[in-house]
Each structure stands twice: as structure tokens, then as C-alpha cells.
Protein chains: 2
Amino acid sequence: MLKRIIMPKKTRPTVRDVAALAGVSVATVSYVVNGRDDRIGADTRERVLAAVRDLGYAPNSSARGLRKRRTERVCLVIGSLGSPVQEQLVRDLHAAADDDGYGVLTLIVDSPAHAAHATRLLRQGVADGAVFFDSARHFGDLGELARGRLAMVVVDNSVTPDGFDVVRTPEYEACGEALDHLLAAGRRRVAFLGHRHDLELGDRSARLTAYRDALRRHGLGADGRLVGAGADSRVEGYRATTALMGLPEPPDALFVASDRAAISAIWAVRDTGRTVPADVAVLGVGNLAEGSVIRPALSTVGQRQVDFSRVARLLFERLAAADPPGSREIVLPWSFIPREST
Amino acid sequence: MLKRIIMPKKTRPTVRDVAALAGVSVATVSYVVNGRDDRIGADTRERVLAAVRDLGYAPNSSARGLRKRRTERVCLVIGSLGSPVQEQLVRDLHAAADDDGYGVLTLIVDSPAHAAHATRLLRQGVADGAVFFDSARHFGDLGELARGRLAMVVVDNSVTPDGFDVVRTPEYEACGEALDHLLAAGRRRVAFLGHRHDLELGDRSARLTAYRDALRRHGLGADGRLVGAGADSRVEGYRATTALMGLPEPPDALFVASDRAAISAIWAVRDTGRTVPADVAVLGVGNLAEGSVIRPALSTVGQRQVDFSRVARLLFERLAAADPPGSREIVLPWSFIPREST
DNA sequence: CTGTTAGCGCCTTCAG
DNA sequence: CTGAAGGCGCTAACAG
């Protein structure tokens, strides 16, 4: 009892504390804090703001979320750290969120276990909306989440809209164009280094399918030894390429499903004494900034100007809408970006 | 009115809905949901769980947080995406959180603006605890956050404990050892490529200071042209190295403050027709897995076995403790890891 | 212009 | 073993 009075408060200040200190009611504090102070006198407002500062008051987000039935937070669900494309997404989403007074939380989901984890948090209402990027494949039923009143935008090519918006990238077409270029230039042994999940997906992987179809278009048979994993990281790209170059009939072109690994691949090719692109052409995916700086500059496939502001806008439109808009679908512009490595 | 009855419920189910469907009281539902079901009959429990499944019920985290005055969530505040060391931290923190039934949110803070953003969320009680990694420098007063009843562990060398635990890495000593090795081997023009913030920090940057002190120990003067930015990304590492190699008197060794940039540096050196390590030695920092795979393998400085489980444990000890433990300080083992590039 | 007050959904004594 | 009730901190009617 006595402790209460003597000790500094161990619990964070509430509206009531602020109200008491400023000599006003809790409603007034709430109005001031929320910017609804058209009805509040200037002097009163100042007293409240001073009390807020003195006490270090910040409104409790649980209480506010409970009352308003919105958290004013959005969630970015991404598949992994380490890909610079995502940095742009982070930036664009933060920018859009700031405009609307929202906070951004990030959930890293690179396995079904993390997806379950994320699903639980999202269903518990940790945020009002979410953008899924490079992570949708780990989730079971995204539609169920959307039905739980979560505004959602999913960047993925193989998911079907179901109460949420879908953003697609025409990977298949752009990769096909790039591969045609390679094959038209006379390359005859083109290898494919995919992500592990490209190989698991098989026919449902746009990149792998684009590769197979391009070979077929040019009358070339598939050689199983030229298809494998290696796009998931720089290390794997280096290793897989080294192995490929040790083959009795090594490839004369490499289609690598990520720029990061493609850059390692260039390095690996050169470490076996060959030249890029003279001996071996290398083609990446993603249009990483780094690719345009290295020598030879990396030919790639992706957005010319990496920009996710449209994705962010979709989410905040959804959040602002009184009635949820129907499931929309947009397509980001992808193209073949030829440089020096092919 | 009629709509209410006809339309599927637009709002998420609550304990009351579950209780009504299962034919029990809300208290019973709460007991079952929270595993306090020693007092509940097995059949009753089954009915409740069935209702939970049918309705797709998940307890509202705002309401629960308000009532329990804890969110059972922790926050990872990291400085950027893209560094694989952080992947290990993410993994280790998730593992520890799962054990204790906590959720993990990630906040990306690579600027003071993002720090303000994060501070607001944290002060609003979005999580019970937080680990700061590679981000502390963007914050003004971490002590104030800790006083706001947030359990905190800060991984940073220049912050002083103030109601939170601090984890340090003996960078200065380990870098010094590595540089001594370089200089003892006869290198005379050693360049330093730092992060932008190393250069801003000046004397307070362990890596830059280690560099300057090592030169001094070996009786070498400082050459301003050999010190610059370039560690922040692969691209910058490549560019900065290329510039350095174009100098009238190019360096014979490069100390690069990140492994990622150091790897680019090796490449850039070779692209100017020189050999690593014969012409130019390259030393990185961080012990990135990739560094041990490339040829020549990258000499570096860091944790031999990258492991942050102790960091995570610190946080969860703090959360479990009734009374906050005093500010603790631990030191992670860092060492010089010589390989082929020096 | 400011104060009073009724919940938001949940957990947890306290009775029964 | 189960039900009723209070209150966590906040916002938004509604009074005054």
C-alpha cells in the first residue's frame, strides 16, 4: 500500500494519469491525443500535451485496438532476409504506411512452421492487413485468413484470388524471351539452376517451365544433368556451377533463377578458366542493382525499375474501403534486360 | 437488422460465440483455450474445442493483451535485411520464443525515422521485450524505452547498460589481431573500407580504430586516400575497390568491414588484373558462410560458430523474471579466422 | 467546450 | 466443475 505512494509508478501511465495531472477529464485527453482537438481550447490542449510529455505517456495499443477494433498496423510477410528486391518492398510499404499513420511489422516466413506461427499471430489480430511476398507457398489456406477480416495482398503467381488481391509477375513470358535470345545466339547446352522449390514445384514453376518450353521451341532435348538446384544462395550458385563445369560436356549457357546466385555463377565459371560470355553465357532473374555494376554486367529478367508502391497502394485502398473490394489482380511489368553476360 | 441474421457474421467470433455454441460459460472456454483445463471435464473440453474449430475462433490479442498486461510477443529490431548473420539471429530468437509460447515480430530500423517509428510501436506496448541488433545507433534514448517496462537486450559495443542487457563483440581486439597478421607478413599499404557509419563514428568505430592503431603499432603512417566507405553493400565494395586499384600507389591489402563487400573486393581486385592474395590481401569481417566456399577462401574476423542463442536466452530470462535483473553484460567470442585471402 | 459513461473481448477471482 | 461479474485502458456517444 505504502509502496504505491512512495515508489515511482512501476506501471506505464494511462489516460487517467494524464487527465489528473492536466486537471481535465479522460475524454479531453483522448481528444487531444487523437488530434480531434477542434473542440478543445488551445490552453487546455497545451496543458494536456505538457502532461503527456512529463509522464512519457503513450496510448496503450492493446486497449486502443480493442476499442477501435483496428490496430492501425500492417504486416509484411516475407520469405527470407537477404534479397535486395525486398528492401524496396520494405521501403515502399513503410512509405505508404507512414502516409496513412500505420505501423509496419515484419514476419519472416521461410517454412511451414513459421507460416503456422504467422497465421496464429494474424488470426489473433496483430494487424489489420498484410502483404505476402515470396512466402505464400508456405501457407495452407490464405483464403481463410482473408475471411477473418484481414486485408490482404499476395504477391505470387500460383495463388488464386480468394478474398484478397493478387499481384503477378509475368515471369514465364519474360524468361522465355530471354532464353530465346540465348538460343537464337547459338547456345546449345543451356543449364538451369533453380531454387529448391522450383524443382519441387516442377511444372508449376514458371522459371523451370519457361526453360523447358524454350528448349523445345528450339528443337533441343532436355538433359537432366543440366538441371539442378543452386539459386537459393550465392554459395549454392558457386558450388552448382563448379560441378556443372566439371561435366564431360559442360554447358555453354547458364540460366540461374536468382541474380545473387547468377553472380556467383559468373565467378565460378571464371574460376574454372573460362570466359563469360564467350565460353559460357550467364542469365539471372531479379534485376539486382549489383548486376549492372559487375563486369561483365549481368543479363537478367525482372522489373526494369524495381517498384512496389502499387502493391502497397492496393493494401491501403483495401484498408480504407468501407466494403472490401472484390479480389483484384494486377500484373507487374517484367522484361528481359540484356547486358554483357549473354 | 435483418441483415445481421441472414448475413454470415462479419465480425470475428468471440469467447461468447464459442461458449454459446458449446453450451458452456465463457469462463469454461477461457480455461480450455488457455490449457487451464485440469478442472474441466474431458467431454466438456471436447465440445469446446469442436466449437473453436467450427467457428475458427482465435482469441483476440488486443483484448488478451489488455487483460493480461502482456502481449506474449517479442520484437527483433534489426538494422537491415540482407546480412546472413542476422538469419541466424532470427532463427535462434524464433526457437527460443517458440519454447516459451511467444510470437516474434521484426522491425526494420535503418534510419532515425524508422527508429522513431519503432520507438512509437514499442512504447505503445506492441511487444513485451525486444532484441536490438545492428540498430541501436539509430535510437536516441534506449534507457527510456527500458524504463517503459520493456525487456531489452541490445547487441552493440558502444551503448552503456541502462535498465537493459548489453551484448558485446570484441571487435577491436579481433580486428587488431588480424591486422597484425597482415602487417607482420609485410603488407605496407593497407586500405580500410568501412560502413558509412564507421566513418561517421570516427574514433568510436571499433573497426576503424583497430585499423588506425594497428598501423601505428607497426610504425606506419595513415594515408587518407586509403580510407573510405565501401562496406555497406557488395556494389559499393566493388566500386570502392576498383577506385582504390586505380590509385598511383594502390594498396597491397584491403581491410573491409563486411564479408559481403570483401567478397566483391576480391572480385574487383581480380578484374584489374591482380591476384589475391599475392598482389593484394583481402580481409573481411563477419564470418559469412560464403567466405569459406569461394576461391580464395576469405580470411575474416568474427564468431567461429555463429550463434545467438545466448542473446535470446538473456531476453527470455528477463521476461520470466519477477523482478527485472540488473543490467547484465556479456561478451560473444570473436576471433581472427585466417584463410586463403591474406 | 468539457465531463460522464458504456462497452470493446478477455481472464480470473469468487460463489454456487 | 461451472456461471456471474468486474475491470484492464481506451474511444465515442451523449450530456451538460
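The basis for the numbers below is simple: all heavy atoms, side chains too, and nothing from hydrogens, waters or symmetry mates. So that the names make sense, note that chain A is the first sequence line, chain B the second, and so on, each numbered from 1.
Contact check on R147(A) versus D162(A) returns a salt bridge, with a Lys/Arg side-chain nitrogen under 4.0 Å from an Asp/Glu carboxylate oxygen. Using a 4.0 Å cut-off between charged nitrogen and carboxylate oxygen, R73(B) and D128(B) do not count as a salt-bridge pair.
R69(B) has its CZ atom 10 Å from the C1' atom of dG7(D), to the nearest Å. Between K68(A) atom NZ and dG9(C) atom C1' there is a gap of 17 Å when expressed in whole angstrom units. The CZ-P distance, from R64(A) to dC8(D), rounds to 19 Å in whole Å. When the C1' atom of dT12(C) is taken as reference, atom CZ of R67(B) falls 5 Å away, rounded to whole Å. Atom pair R70(A):CZ and dC10(D):P shows a separation of 17 Å (rounding to whole Å applied). Between Q124(B) atom CD and dC8(D) atom P there is a gap of 20 Å when expressed in whole angstrom units. In this structure, the CZ atom of R16(A) is 14 Å from the C1' atom of dT11(D), given to the nearest Å.
Taking side-chain N and O atoms only, T14(A) has no distance below 4.0 Å to OP1 or OP2 of dG9(D). Residue N60(B) places no side-chain N or O under 4.0 Å from the OP1 or OP2 atom of dC8(C).
Judged by closest nucleotide on DNA chain D, R47(B) is the one of R47(B) and Y31(A) placed further toward the 5' end. With the nearest nucleotide of DNA chain D identified for both A27(B) and V33(A), A27(B) has the one nearer the 5' end.
Across dC10(D), dT11(D), dT12(C), the shortest atom-to-atom separation from the side chain of V26(A) is found for dT11(D).
Looking at heavy-atom distances under 4.0 Å, L66(B) makes contact with a base. Contacts of T44(A) with the nucleic acid, taken as non-hydrogen atoms under 4.0 Å apart, involve only primed sugar atoms and P, OP1 or OP2. Counting non-hydrogen atoms under 4.0 angstrom, V24(A) reaches the backbone sugars and phosphates but no base. Among the atoms of the strands shown, only primed sugar atoms or phosphate atoms (P, OP1, OP2) are found under 4.0 Å from some heavy atom of T28(B).
Between the side chain of S327(A) and the backbone N or O of G163(A), at least one donor-acceptor pair lies under 3.5 Å.
For F164(B) and F132(B), the ring centers are positioned 6.0 Å apart or more. Taking the centre of each ring, H94(B) and H114(A) come in below the 6.0 Å mark.
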